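First up is the structure itself, then whatever we jot down about it.
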Amino acid sequence: LKSGMAVYTLADDLPTDRITRLRLCKLNEGAFAWATLNALAIDGCLCALPPAKPKTLEVIGDSISAGYGVLSTNARDPFRAETEDSVYTYGALLAEMLNAELLLTAVSGCGICRNNGGSAHDTMIEQYDRLRPGIDPLLCWNHQLIHPDVILLNLGTNDNAAEAPPEEVQTAVIQLANKLHRLHPHAKMLWTYGLMNQDYKDCLRTAVEQTASTHIPIQFVLLPQQQEFSDIVGSDGHPSHETHRQVAHYLLPYLQPLFV
């Protein structure tokens, strides 16, 4: 993308005897680039948008859920924004499988109570409210615009890397789950963890079970580590496209009953 306002050609030489559907997606995180669609000019006529899908899946996570390094096939590759693509993530693939709209809230390095560098500030509890996470702490997202039917969380990897105290992680899990339940009282939640490390699986499971005991609809699923899904690894040791594909199939049976 060019800096400032510019004109981009999305498609040309399209057939005139049938309808062409275009899909415009922001592929990587707002921290790497921010774009606004100001206008759309066409030669011909613009048809009405297709109806929205009947259900909405929200995925809340860190670099894994954002698709960090997903387009790379070499674990030693340094990260570049060009190798991050949310379209190839397990969340996007699951939304397609479930015929659901996808709402993706993912911030690289973000934890529940500790971020990857060890900071206790700007964790997901705060970032969840922001329209531009990591960039503008004052610009807030209006949670009333979309109420997901199912919320899939994948958090804990960065807390593990930062060696956050397990009791603080448990407290933050309960706090985040309660916050989501207040904002989206009809949503069912599934908390997953384990692709890149698993040291905190017990404290996460305990916190989720404690939350569920208060009649909040939430479950915990421990994911196998990424090497059990595929030998192909993305940049900086993150899950590859193939791993994301297999994770989507692994989680599908857990999510399907939640959409009924």
Side-chain angles (χ1 to χ4, degrees), residues 27-29 31-32 57-98 102 104-118 123-124 150-164 166 169 173 189-205 207-208 219-256:
L27 302 180
N28 52 28
E29 295 171 71
F32 305 132
L57 170 67
E58 179 170 22
V59 176
I60 301 174
D62 48 36
S63 55
I64 298 172
S65 301
Y68 181 111
V70 71
L71 297 182
S72 171
T73 57
N74 186 345
R76 296 182 179 179
D77 279 349
F79 174 74
R80 294 177 294 115
E82 293 86 349
T83 62
E84 181 173 279
D85 192 333
S86 61
V87 172
Y88 291 97
T89 61
Y90 68 90
L93 298 172
L94 278 166
E96 290 292 332
M97 294 175 184
L98 294 161
L102 174 65
L104 176 59
T105 305
V107 183
S108 287
C110 198
I112 317 162
C113 75
R114 290 285 191 282
N115 294 327
N116 188 269
T123 60
M124 185 54 71
V150 175
I151 300 174
L152 175 60
L153 299 105
N154 188 346
L155 290 166
T157 301
N158 289 305
D159 301 85
N160 192 158
E163 299 182 350
V169 174
V173 167
M189 291 181 274
L190 184 69
W191 196 299
T192 65
Y193 164 78
L195 281 175
M196 294 184 69
N197 53 48
Q198 295 196 341
D199 294 341
Y200 283 23
K201 62 181 184 293
D202 292 332
C203 77
L204 289 171
R205 186 190 302 275
V208 168
Q219 304 172 48
F220 178 80
V221 172
L222 178 65
L223 292 169
Q225 292 192 289
Q226 61 175 320
Q227 60 266 28
E228 298 182 45
F229 287 110
S230 174
D231 293 332
I232 304 171
V233 181
S235 64
D236 273 349
H238 280 67
S240 64
H241 174 211
E242 175 59 21
T243 298
H244 277 270
R245 188 187 68 81
Q246 293 201 36
V247 170
H249 284 281
Y250 184 89
L251 287 175
L252 185 62
Y254 294 99
L255 286 170
Q256 283 174 321

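These numbers were taken from a predicted model, which means no experiment stands behind them.
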Test item: [X] side-chain N/O and [Y] main-chain N/O as donor-acceptor pair under 3.5 Å:
X      : Y      : value
Asp159 : Gly111 : no
Thr123 : Cys110 : no
Asp199 : Asn160 : no
Thr89  : Ser86  : yes
Gln226 : Thr243 : no
Gln246 : Glu228 : no
Ser240 : Ile232 : yes

Using the side-chain contact (heavy atoms from CB on, under 4.5 Å) rule, take Thr157 and Leu195 through it: C-alpha gap first, then chi angles, then the decisive distance, then the call. CA-CA 8 Å; Thr157 301; Leu195 281 175; over 6 Å; no
Kindly indicate, with the supporting measurements, whether the criterion side-chain contact (heavy atoms from CB on, under 4.5 Å) is fulfilled by Leu98 and Gln256. CA-CA 7 Å; Leu98 294 161; Gln256 283 174 321; 3.8 Å; yes
Nearest heavy atoms of [X] and [Y], plus distance in Å:
X      : Y      : answer
Glu84  : Ala66  : CG-O, 3.4 Å
Asp77  : Ser72  : OD2-OG, 2.7 Å
Val233 : His238 : CG1-O, 3.4 Å
Ala162 : Asn115 : CB-O, 3.3 Å
Asn197 : Gly156 : OD1-O, 4.3 Å
Asn28  : Ala81  : ND2-O, 3.4 Å

Going by the side chain to side chain contact (heavy atoms under 4.5 Å, CB included) test, name the single residue among Ile64, Asp62, Asn158 that passes it with Met196. Ile64
Within this structure, what is the [atom1]-[atom2] distance for the pair [X] and [Y], rounded to the nearest 0.5 Å?
X      : Y      : atom1 : atom2 : value
Ile60  : Thr105 : CD1   : OG1   : 5.5 Å
Phe32  : Arg80  : CZ    : CZ    : 12.0 Å
Leu190 : Ile151 : CG    : CD1   : 11.0 Å
Thr73  : Glu242 : OG1   : CD    : 12.0 Å
Leu204 : Thr192 : CG    : OG1   : 10.0 Å

Taking side chain to side chain contact (heavy atoms under 4.5 Å, CB included) as the definition, give me every residue that meets it alongside Gln227, ordered by chain and number, with sequence neighbours left out. Gln225
Side chain to side chain donor-acceptor pair (under 3.5 Å) partners for Tyr68, two or more places apart: Asp236
According to side chain to side chain donor-acceptor pair (under 3.5 Å), who are the partners of Gln198, at least two apart in sequence or on a separate chain? none
List the steps, then state whether side-chain contact (heavy atoms from CB on, under 4.5 Å) holds for Leu222 with Tyr193. CA-CA 5 Å; Leu222 178 65; Tyr193 164 78; 4.2 Å; yes
Is the ring centre of Tyr90 less than 6.0 Å from the ring centre of Phe229? no
Report, as yes or no, whether the 6.0 Å neighbourhood of atom OH on Tyr88 holds more than 12 heavy atoms from other residues, nucleotides or ligands. no
For a 4.5 angstrom cut-off between non-hydrogen side-chain atoms, does Ile112 reach Trp191? yes
Do His249 and Met97 have side chains that get closer than 4.5 Å, going by heavy atoms? yes
Between Leu152 and Asn154, is the side-chain contact (heavy atoms from CB on, under 4.5 Å) condition met? List the steps. CA-CA 7 Å; Leu152 175 60; Asn154 188 346; 5.9 Å; no
